[in-house]
Enquirer: 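I'd like to ask you about the structure that follows.
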Amino acid sequence: MKKSLKWTAIVVGAMIVAGLLRGFAVTSCLIPSEGMENSLLEGDRILVNKWSYGLRTPLMQWFGYQRWNSTRAKKGDIAIFNNPGETSQPVIDCREVFISRCAGAPGDTLWVDSLFTQIPSKNQLNPDRKQLYTYPREREHLVDSLLTLLSITDNSLMGQDSLRNVRSFSRYEYYLLTQAIDGELWIQRIAADSTEQTYPLIVPGQGASIHVYPWNKILLRNTLVLHEGRQAEIINDTLYVEGYPAEECRFAKDYYWMVSDNSINLSDSRLFGFVPQDHLIGKGTFVWFSKETDVECYAGYRWNRFFRQVK
C-alpha cells in the first residue's frame, strides 16, 4: 500500500511540475503546415520560451491580462501568438495559435504593395527578383520539360491548389518561357510587380499617432475596433473615430507585423492585420522533434533537425 501511494505521489507530482512548466515557463508547438518553410518544416515540434517577451498571465478568462517583465519582440524573431482575427472568441489565450516571423516592431516602417505584401527595399528595383506565377496543374509535365529545355534550374514547385500550381520565375526566365510556349499564354503572374505603387506602412507603438491614408484606413479602423475597444467606422471614404473625422489615429498598445517565410501562405498580417503585444505567447527557441507527416510511425524521422535552433 505504501509503495503504491509513493508511486501515485510521484506521478501526481510530475504532472503538477509539467503543468507549472507549461503554464509559466515553456510550451511545445507543432508546425501543422508549410507556412514557415524553409525555417520550419511541417511536422516539426518546437519549444516556445514564454519569458521571451515577458510572462503572460495564464488562464486569462479568470485573471485578465497581465505581463511580467514585458519586453518587445524583435524584428526577425519567430514568434508564437494567438490569432488576432478570431473575434468569435473573446478570451485571447483561448484563440487559435499562429506562428510567424516578426517583420516589423513598433515604430518600424515597412514598404508594402496594395495587398500589404512587404517589398524589401533592396529588391524594389531588381529586375531579376523572383515573382510568383501560376499555371494549370495538368501542364506540370510540360513545365518540367520547358525548364529542362531552357536550362532553368533551382526552380521547384512552391505550392498548389485543386486547379493550379505555383512556381517563381525571374523576369528573364518568364520571358524565355513566353517565347517557348506556342499559342495562348497559360502562365500568369500572381505576385505584385516590383514597379507597382508601394506604400510606407508604419507599425503602431504605444502612444504613437499614425496618419490616415486611403490605403490604410481599413487596417487602422479594424485595429482600433478589434484591439483598442474604440468606436470607428468609415463613412464616404472618411474614417470616423468616436464620431469625429480622423486624420491621425493614436494607439494605446504596441503592435507587430507578422509574416510567413513561405509567401504562398496568407495566414499572417496580410490577412489579420497588426498583432497586439497582449497576443504574444513567446519565441520559438529550438526544434526538439521532427517527423514527416502521413508516414508510418516508424519512418519519416528527421534526425538532423532534432534540437536545432529556430532562426
Enquirer: Work out which heavy atom in L226 is nearest to a heavy atom in P84; give both atom names and the distance.
Expert: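 L226 and P84 have their closest heavy atoms at CD1-O, 4.4 Å.
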Enquirer: With rounding to the nearest 0.5 angstrom, report the NZ to CG distance, K217 to N222.
Expert: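 If we round to the nearest 0.5 Å, K217:NZ and N222:CG are 12.5 Å apart.
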Enquirer: Show the nearest heavy-atom pair for residues P136 and R164, with the distance to one decimal.
Expert: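 Closest pair (atom of P136, atom of R164, distance): CD-NH2, 3.6 Å.
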Enquirer: For L142, enumerate each residue passing the side-chain contact (heavy atoms from CB on, under 4.5 Å) test, keeping only those at least two apart in sequence or located in another chain.
Expert: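 So L142 forms a side-chain contact (heavy atoms from CB on, under 4.5 Å) with R139, L146, W186.
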Enquirer: Could you tell me which non-hydrogen atom of C102 sits nearest to which non-hydrogen atom of M258, and how far apart they are?
Expert: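 Looking at all heavy atoms of both residues, the shortest contact is CA-SD, 3.5 Å.
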Enquirer: Please determine whether residues I187 and L150 belong to a single hydrophobic cluster, defined as Ile, Leu, Val, Met, Phe, Trp and Tyr linked transitively by side-chain heavy-atom distances below 4.5 Å.
Expert: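 Yes, one cluster joins them.
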Enquirer: For L219 and G273, which heavy atoms make the closest approach, and how far apart are they?
Expert: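 That would be CD1-CA, 3.8 Å.
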Enquirer: Quick one: side chain to side chain donor-acceptor pair (under 3.5 Å) partners of S290, sequence neighbours excluded?
Expert: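 Partners of S290 under the side chain to side chain donor-acceptor pair (under 3.5 Å) test: D44, R302.
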Enquirer: Do Q231 and Y240 pass the side-chain hydrogen bond (donor to acceptor under 3.5 Å, both in side chains) test, and can you show the C-alpha distance, the side-chain angles, and the key distance before you say yes or no?
Expert: CA-CA 8 Å; Q231 192 276 329; Y240 286 79; over 6 Å; no
Enquirer: Might you point out which heavy atoms bring D93 and M60 nearest each other, and give the distance in Å?
Expert: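 So the minimum-distance heavy-atom pair works out to OD2-N, 3.0 Å.
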Enquirer: Going by side chain to side chain donor-acceptor pair (under 3.5 Å), name the pairs with one or both residues in residues 74-83, residues two or more places apart or in two chains.
Expert: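 Side chain to side chain donor-acceptor pair (under 3.5 Å) check on residues 74-83 returns Y53-D77, R56-N82.
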Enquirer: For side-chain contact (heavy atoms from CB on, under 4.5 Å), just list the numbers for I210 and E248, CA-CA rounded to whole Å, side-chain angles, deciding distance to a tenth of an Å, and then say yes or no.
Expert: CA-CA 5 Å; I210 307 297; E248 291 187 341; over 6 Å; no
Enquirer: Where the side chain of T57 meets the backbone of Q66, is there a donor-acceptor pair that is under 3.5 Å apart?
Expert: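 Indeed, once roles are kept as given, a pair shorter than 3.5 Å links the two residues.
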Enquirer: Is the backbone N or O of I234 less than 3.5 Å from a side-chain atom of T238, with the two atoms forming a donor-acceptor pair by type?
Expert: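 No; zero donor-acceptor contacts below 3.5 Å.
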Enquirer: Given the rule that I, L, V, M, F, W and Y join up when any side-chain heavy atoms are under 4.5 Å apart, are L185 and L147 in one cluster?
Expert: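 Same hydrophobic cluster.
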Enquirer: Name all residues meeting the salt bridge (Lys or Arg N to Asp or Glu O under 4.0 Å) criterion together with R221; count only those two or more places apart in sequence or in a different chain, and write none if there are none.
Expert: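 For R221 there are no salt bridge (Lys or Arg N to Asp or Glu O under 4.0 Å) partners, ignoring immediate neighbours.
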Enquirer: At what distance, to the nearest 0.5 angstrom, does OH of Y135 lie from CD1 of I181?
Expert: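 It is 10.5 Å, given to the nearest 0.5 Å.
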Enquirer: Is the closest side-chain heavy-atom distance between T134 and N165 below 4.5 Å?
Expert: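 No - every pair of side-chain heavy atoms lies 4.5 Å or more apart.
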Enquirer: Taking the side chain as everything from C-beta on, heavy atoms only, tell me whether P276 gets closer than 4.5 Å to T223.
Expert: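 No; the side chains remain at least 4.5 Å from each other.
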Enquirer: As an exercise, state the distance from CZ of F81 to OG of S100, rounded to the nearest 0.5 Å.
Expert: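 It is 4.0 Å, given to the nearest 0.5 Å.
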Enquirer: Table please: side-chain donor-acceptor pairs of residues 85-92 below 3.5 Å, with sequence neighbours left out.
Expert:
from, atom 1, to, atom 2, distance (Å)
E86, OE1, E96, N, 2.6
Q89, OE1, V91, N, 3.0

Enquirer: Please identify each residue that fulfils salt bridge (Lys or Arg N to Asp or Glu O under 4.0 Å) with E184, with sequence neighbours left out.
Expert: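 With sequence neighbours excluded, E184 shows a salt bridge (Lys or Arg N to Asp or Glu O under 4.0 Å) to no residue whatsoever.
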Enquirer: With the side chain counted from C-beta on, respond yes when R305 and L41 share a heavy-atom pair under 4.5 Å apart, and no when they do not.
Expert: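 R305 reaches L41 side chain to side chain.
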Enquirer: Take atom CD of Q61 as the centre, draw a 6.0 Å sphere, and report whether it contains more than 12 heavy atoms from other residues, nucleotides or ligands.
Expert: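 Yes, the 6.0 Å shell around CD holds more than 12 heavy atoms from other groups.
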Enquirer: Rounded to the nearest 0.5 Å, what separation is found between the CG atom of L239 and the CG atom of L220?
Expert: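 So the gap between those two atoms works out to 7.0 Å.
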Enquirer: What residues form a salt bridge (Lys or Arg N to Asp or Glu O under 4.0 Å) with D294, not counting sequence neighbours?
Expert: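 So D294 forms no salt bridge (Lys or Arg N to Asp or Glu O under 4.0 Å) with any residue.
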Enquirer: Just by distance, no angles: are the side chains of Q206 and D254 close enough, under 3.5 Å, to form a donor-acceptor pair?
Expert: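 The answer is no; no qualifying pair exists.
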Enquirer: Is there a continuous path of hydrophobic side-chain contacts, each under 4.5 Å between heavy atoms, that joins Y65 to Y256?
Expert: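 No, because Y65 and Y256 fall into different hydrophobic clusters, even though each may have its own neighbours under 4.5 Å.
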Enquirer: Give every donor-acceptor pair under 3.5 Å between a side-chain atom in residues 278-289 and any protein atom, sequence neighbours left out.
Expert:
from, atom 1, to, atom 2, distance (Å)
D278, OD2, K253, NZ, 2.9
H279, NE2, R95, NH1, 3.0
T285, OG1, L47, O, 2.8
W288, NE1, S28, OG, 3.0

Enquirer: Looking only at atom types and distance, does a side-chain atom of R45 sit under 3.5 Å from a main-chain N or O of L30, one as donor and one as acceptor?
Expert: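 Checked: no pair found.
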Enquirer: Aromatic contact between F272 and F98, with the criterion being ring centroids under 6.0 Å apart: yes or no?
Expert: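 Close enough - the centres of the two rings lie under 6.0 Å apart.
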Enquirer: Regarding D261 and S39, do their side chains bring together a donor and an acceptor under 3.5 Å, going by distance alone?
Expert: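 Side-chain D/A pair, D261 to S39: present.
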Enquirer: Report yes if the side chains of L201 and F274 come closer than 4.5 Å at any heavy-atom pair, otherwise no.
Expert: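 With C-beta onward as the side chain, the pair touches.
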Enquirer: Applying the 4.5 Å side-chain criterion to the ILVMFWY set and letting contacts propagate, would V259 and I80 be lumped into a single cluster?
Expert: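 V259 and I80: separate clusters.
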Enquirer: Main chain of T71, side chain of Q277: is a donor-acceptor contact present, judged purely on distance under 3.5 Å?
Expert: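 Confirmed, Q277 side chain pairs with T71 backbone.
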Enquirer: Are the side chain of S52 and the backbone of N49 linked by a donor-acceptor contact shorter than 3.5 Å?
Expert: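 Flag set: sc S52 to bb N49 pair under 3.5 Å.
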Enquirer: So do L177 and F169 actually touch side chain to side chain, heavy atoms under 4.5 Å?
Expert: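 Yes. Closest side-chain heavy atoms under 4.5 Å.
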Enquirer: Any salt bridge linking R167 with E140? Criterion: basic side-chain nitrogen under 4.0 Å from a carboxylate oxygen.
Expert: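 Yes.
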Enquirer: Can you list the steps and then say if F251 with E228 is a side-chain contact (heavy atoms from CB on, under 4.5 Å)?
Expert: CA-CA 7 Å; F251 295 87; E228 303 269 329; 3.9 Å; yes
Enquirer: Suppose we screen for ring-ring contact (aromatic ring centres under 6.0 Å, His included). Which residues come up paired with Y174, at least two apart in sequence or across chains?
Expert: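 With sequence neighbours excluded, Y174 shows a ring-ring contact (aromatic ring centres under 6.0 Å, His included) to Y133, given in chain and number order.
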Enquirer: Could you check whether any side-chain N or O of S260 sits under 3.5 Å from a backbone N or O of M36, counting only pairs where one atom can act as donor and the other as acceptor?
Expert: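 Checked: no pair found.
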Enquirer: Who are the side-chain contact (heavy atoms from CB on, under 4.5 Å) partners of L149, not counting sequence neighbours?
Expert: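 Not a single residue meets the side-chain contact (heavy atoms from CB on, under 4.5 Å) criterion with L149.
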Enquirer: Check for me, please, whether Y199 and V203 land in the same ILVMFWY cluster - side-chain distances under 4.5 Å, paths through other members count.
Expert: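 As far as the 4.5 Å side-chain criterion goes, V203 and Y199 are connected within one cluster.
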Enquirer: How long is the straight-line distance from CD1 of I46 back to OG1 of T27, given to the nearest 0.5 Å?
Expert: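 It comes to 10.0 Å.
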Enquirer: Is the side chain of R101 donor-acceptor paired with the backbone N or O of G76 at a distance under 3.5 Å, no angle test?
Expert: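 At least one qualifying donor-acceptor pair exists.
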Enquirer: Atom CG in L55, atom CZ in R67: separation rounded to 0.5 Å?
Expert: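 Rounded to the nearest 0.5 Å, the CG-CZ separation comes to 8.0 Å.
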Enquirer: If only atom types and distance count, is the side chain of D113 paired as donor or acceptor with the main-chain N or O of F116 below 3.5 Å?
Expert: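 The answer is yes, because a donor-acceptor pair under 3.5 Å joins these two groups.
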Enquirer: Atom CD1 of residue position I218 - does it have more than 12 heavy atoms of other residues, nucleotides or ligands inside 6.0 Å?
Expert: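 Incorrect, the count does not exceed 12.
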Enquirer: Quick one: list whatever passes side-chain contact (heavy atoms from CB on, under 4.5 Å) with T109, sequence neighbours left out.
Expert: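 With neighbours one apart ignored, the set is P200, I202.
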Enquirer: Taking only residues two or more places apart in sequence or in another chain, which ones pass side-chain contact (heavy atoms from CB on, under 4.5 Å) with W303?
Expert: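 If we apply the side-chain contact (heavy atoms from CB on, under 4.5 Å) test to W303, skipping adjacent residues, the hits are Y301, F306.
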Enquirer: Can you see which heavy atom on V295 is nearest to which on G300, and at what distance?
Expert: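 Where V295 meets G300 most closely, the heavy atoms are CG2-CA, 4.0 Å.
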Enquirer: Using only atom types and a distance under 3.5 Å, with no angle test, would you say the side chain of E34 pairs donor to acceptor with the backbone of E42?
Expert: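 The answer is no, because no donor-acceptor pair under 3.5 Å joins these two groups.
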